Amino acid sequence: MKNAVRNIILNAFAQACKNGLLKDSQIPEMEIEVPRHKSHGDFSTNVAMVSASIQKMAPRKIAEAIVASIHDPDGIVEKTEIAGPGFINIVLKKSAWYPILSIIHKEDKAFGSSEMGQGRKVQVEFVSANPTGPLHIGHGRGAAVGDAVGNILAFAGFDVSKEYYINDSGRQIRTLGRSVWLRLCEAAGKNISFPDDCYQGDYICDIARELIGSEGNSLLKKATEPDAEKIALPLESVTEENDSSVDEQQKADALASDDPVALCAKYAADKILQGIKDDLSNFGVTFDRWFSEQSLYDSGMVQDSIKEYKNKGVIYEKDGALWFKTQMYGDEKDRVVVRQNGLTTYFASDIAYHMEKFNRGFDRVIDVWGADHHGYINRINASIEASGRSREQFDVILVQLVNLLRAGEQVAMSTRSGEFVTLKDIVDEVGRDAARFIFLSRSYDSGLDFDLEVAKQQTSENPVYYVQYVHARISGMVARACEQGILSDINALDNTSLFEEFLHLLVEPEEINLIKLLSSFSDVVEKGALTLHPHVLFTYLMSLASEFHAYYNKHKVITDNMELSLARLFLVSSVKKVIRNALGLLGVSAPERM
RNA sequence: GCGCCUGUAGCUCAGCUGGAUAGAGCAACGGACUUCUAAUCCGUAGGCCACAGGUUCGAAUCCUGUCAGGCGUACCA
């Protein structure tokens, strides 16, 4: 609808030029917006004001010229007015809105989608938590955001691929192996002192016990050998002993198959990763690809990319280490890619990974990170720019922290001690829908208070029910209409021509407001895709639900008046479809019954 | 010190690619169920949009500075 109005204005502008009412045919960036106040019409444009300097005319004069030249072949404009400093306000006829309802029914699950992305390939990488422990609440927010952003972009016409990057290489995996091995030695009856830098959580002990069970005696036997616990060395020590060099893959030594610590690492990482996959799947999040960091080493991609950047002169040697000239691209200082001891840094594989992403043909790459990683942005930006890609092709979504509360009281969490509330705990306690909806209720630029008690409540304090209730209510109404024979069956609503002749009976302000809101859904999706901010859909859903509840309380849909009932059923059924589509983008279900 | 995010109603936050009279939920107060689901609705009250300058026809929105909070600032991941 907004586009229809835009065309009318653009045509009027051109016509006004042709008639000599305007001097210059140039149209600057202008806006067609839905005004805050209903008294300002259905749409409003600032085109006259922004053209003032080009036309060298007073805004109101320009507005008059445009309004005088408006041609409205479809007869959708009720009236126009010039207001304030030069706004052109446009009021549409009620009849202009009705066709939206048929469009919603015809397009159904595709209503609101667009071709904005023109099929461009976009990758959204999110969660990507290290497989060294279960997902916690922060990962949950990242998962909800990444998944929703991906859904929205896909709906807006991008070719989206969702990806999880598995950090299955390097130091932290070695540490995981050490942690498990030490717990295993402990279980074998040894008295060990568990280092601070190892993973403290109970799940490590569980894995150690499992490992004893599945691997039988061989591991247990090794664990009882004298000094068994002493082989639990950090990655640096292992590689130093083996006189590792830059060209060697750091993982090869650390995960040698005859090393019990390496065996523990492999087992534990697989186990934990499987848990992560299960938790995400329970949370309704699926990925198109799980990408292994180790595979970048195995394929030689890491070394290749280092070589390539060396050739370009952006990687250089200093103090026995290799540095990337990130400072040249706006970072505070240059960053190390390969350390003195020959081990690559995390940055090295990230350079390779991002290079690989673009090599796979993505036009655009979006990373979703926890806000505590923001210091990393400049680095990755530098590597992408140095490879000749445009900065526009890469976005980082920084998701701010989640503050977990229970009935207003902060829940103490410490990853260090291993005492934290996992995503699984939260989903088990409050449910998937409530969790996802709350995660997406606010802009990820802001910190989020997540109160477990509120999320669990089935009251108006909990927004997810407010919206889902609309969907369930309408389902109930449609079912009743079928029982009463007003509709032959649920599918009767798909036959739009049966209803169109009665739509003129929809004259109540609440009805027109609802239709207007429905018609703006595609604008909301577009805004979400443009800004990469899913919470705009949350806000939209809340206003749509609110408008519906108000309507419901004031007017009966099913009445003795058959024709009016049909028209209203067609309206509420449209609301139902849009609610379902919008909730779907956020990964929240739309129940038929509550 | 430097960098990123945030500062809007009592609380939690929308609004920020500049627009006309500042929005919602919760909390508070007063109302509405012989009714298609009261998990709902209607009404009242609540604001120097952190502060100070600037840009312009117009600033919560953009720029600069100040203050406050969170996070970051490794040859860690």
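These numbers were taken from a predicted model, which means no experiment stands behind them. Proteins get letters first, then strands, A, B, ... in listed order; numbering begins at 1 in each.
Put simply, A:Arg568 has no side-chain N or O that comes within less than 4.0 Å of OP1 or OP2 on B:C36. For B:G15, one of the phosphate oxygens OP1 or OP2 lies less than 4.0 angstrom from a side-chain nitrogen or oxygen of A:His535. At the phosphate of B:G70, neither OP1 nor OP2 sits under 4.0 Å from any side-chain N or O atom of A:His374. A:Lys333 has a side-chain polar atom (N or O) that falls below the 4.0 Å cut-off from OP1 or OP2 of B:C75. Close to B:U73, at under 4.0 Å from its OP1 or OP2, lies no side-chain N or O of A:Arg335. Considering only side-chain N and O atoms, A:Ser39 lies nowhere under 4.0 angstrom from the phosphate OP1 or OP2 of B:A20. In this structure, A:Lys527 reaches the B:C16 phosphate: one of its side-chain N or O atoms is under 4.0 Å from OP1 or OP2. Using a 4.0 Å cut-off, some side-chain N or O of A:Arg36 falls inside it from OP1 or OP2 of B:A20.
Note: CG (A:Asn403) to C1' (B:C71) measures 13 Å, nearest angstrom. B:U73 atom P lies 14 Å from atom OH of A:Tyr346, rounded to whole Å. When rounded to the nearest whole Å, the span between CG of A:Leu398 and C1' of B:U6 equals 13 Å. At whole-Å resolution of the value, OH in A:Tyr466 and P in B:C13 are 20 Å apart. Taking atom NZ of residue A:Lys556 and atom P of nucleotide B:C36, one finds them 5 Å apart after rounding to whole Å. Spacing between atom CD of A:Glu547 and atom C1' of B:C42 amounts to 14 Å, rounded to whole angstrom units. We find that CG of A:Asn381 is positioned 13 Å from P of B:C4, with the value rounded to whole Å. Put simply, CE on A:Met30 is 18 Å from P on B:U17, counting in whole angstrom units.
A:Lys310 and A:Glu317 are not joined by a salt bridge, as no carboxylate oxygen comes within less than 4.0 angstrom of a charged side-chain nitrogen. Residues A:Glu592 and A:Arg580 are not paired through a salt bridge, judged by the lack of any N-O separation under 4.0 Å between the basic side chain and the carboxylate. Under 4.0 Å is where a charged nitrogen must lie from a carboxylate oxygen, and between A:Asp197 and A:Arg178 at least one such pair does. A salt bridge links A:Glu429 to A:Arg406: at least one charged side-chain nitrogen sits closer than 4.0 Å to a carboxylate oxygen.
Going from the P atom of B:A60 to that of B:C49 covers 8 Å, rounded to whole Å. Separation of the P atoms belonging to B:C67 and B:A74 is 24 Å when rounded to the nearest angstrom. Nucleotides B:C71 and B:A24 have their C1' atoms positioned 28 Å apart, rounded to a whole Å. Between B:A22 and B:G3, the distance separating the two C1' atoms is 32 Å to the nearest Å. With both ends at atom P, the span from B:C11 to B:C51 equals 15 Å, rounded to whole Å. Here the separation of B:A52 from B:U8, taken at their P atoms, is 15 Å to the nearest Å. Distance noted for atom P between B:G46 and B:C13: 24 Å (whole Å). A gap of 12 Å separates the P atoms of B:U61 and B:G18, to the nearest Å.
Checking B:A77, B:A38, B:U40 against every side-chain atom of A:Tyr552, the shortest atom distance belongs to B:A38. The A:Val50 side chain lies nearest to B:G19 when the options are B:G19, B:C5, B:A77. Closest contact between the side chain of A:Arg339 and the listed nucleotides B:C4, B:U6, B:C75 involves B:C75. Of all nucleotides listed (B:A77, B:A14, B:G19), B:G19 comes nearest to the side chain of A:Pro85. Nearest to the side chain of A:His37, among B:U40, B:U21, B:C4, sits B:U21.
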**Report entry** Residue pair A:Arg568, A:Tyr551: steps toward the side-chain hydrogen bond (donor to acceptor under 3.5 Å, both in side chains) verdict
**Finding:** CA-CA 11 Å; A:Arg568 288 184 169 174; A:Tyr551 175 57; 3.3 Å; yes

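The closest side-chain heavy-atom distance from A:Met562 to A:Phe502 is not below 4.5 Å. A 4.5 Å side-chain heavy-atom check between A:Ile377 and A:Leu398 finds at least one atom pair inside the cut-off. Within the 4.5 Å cutoff, no side-chain heavy atoms of A:Gln400 are placed close to those of A:Ser446.
Here A:Ser44 lies in heavy-atom contact (under 4.0 Å) with a base. Residue contacts shown for A:Ala550 are limited to sugar-phosphate atoms, with no base heavy atom under 4.0 Å away. Within 4.0 Å of A:Ala479, counting heavy atoms only, lies no atom of the nucleic acid at all. Residue A:Gln340 is classed as a base contact, given a heavy-atom separation below 4.0 Å to a base. Across all strands shown, A:Met594 has heavy atoms under 4.0 Å from base atoms, whether or not it also approaches the sugar-phosphate. As judged by a 4.0 angstrom heavy-atom cut-off over every strand, A:Asn46 is placed among the base-contacting residues. Within the nucleic acid shown, A:Phe538 has no heavy atom closer than 4.0 Å to any nucleic acid atom. Residue A:Ala472 is in base contact, counting any heavy-atom pair closer than 4.0 Å across all strands shown. At a threshold of 4.0 angstrom between heavy atoms, the contacts of A:Asp319 include nucleobase atoms, whether or not backbone atoms are also involved. Among the protein residues, A:His555 comes within range of the nucleic acid bases, having at least one heavy atom under 4.0 Å from a base atom. Within the nucleic acid shown, A:Arg442 comes within 4.0 Å of at least one base atom, counting heavy atoms only.
Once the 5.5 Å centre distance and the 30° plane angle are applied, the aromatic ring of A:Phe87 is found stacked with the base of B:A20. A distance cut-off of 5.5 Å between ring centres, combined with a plane angle under 30°, places A:His40 in a stacking arrangement with the base of B:A20. For B:A38, the base is not stacked against the aromatic ring of A:His549, per a cut-off of 5.5 Å between centres and 30° between planes.
A donor and an acceptor atom sit less than 3.5 Å apart, one in the side chain of A:Asn89 and one in the base of B:A20.
Heavy-atom nearest nucleotides on RNA chain B were determined for A:Lys318 and for A:Met49, and the one closer to the 5' end corresponds to A:Met49. Residue A:Val536 is the one, among A:Val336 and A:Val536, whose nearest nucleotide of RNA chain B lies closer to the 5' end (criterion: closest heavy atom).
Of all heavy-atom pairs between A:Ala582 and A:Leu537, the closest is CB-CD2, 4.3 Å. Shown here for A:Asp367 and A:His354, the closest heavy-atom pair between the two residues is OD2-NE2, 2.6 Å.
Within the shown strands, B:C51 is the pairing partner of B:G65 under the Watson-Crick or G-U definition, both distances less than 3.5 Å.
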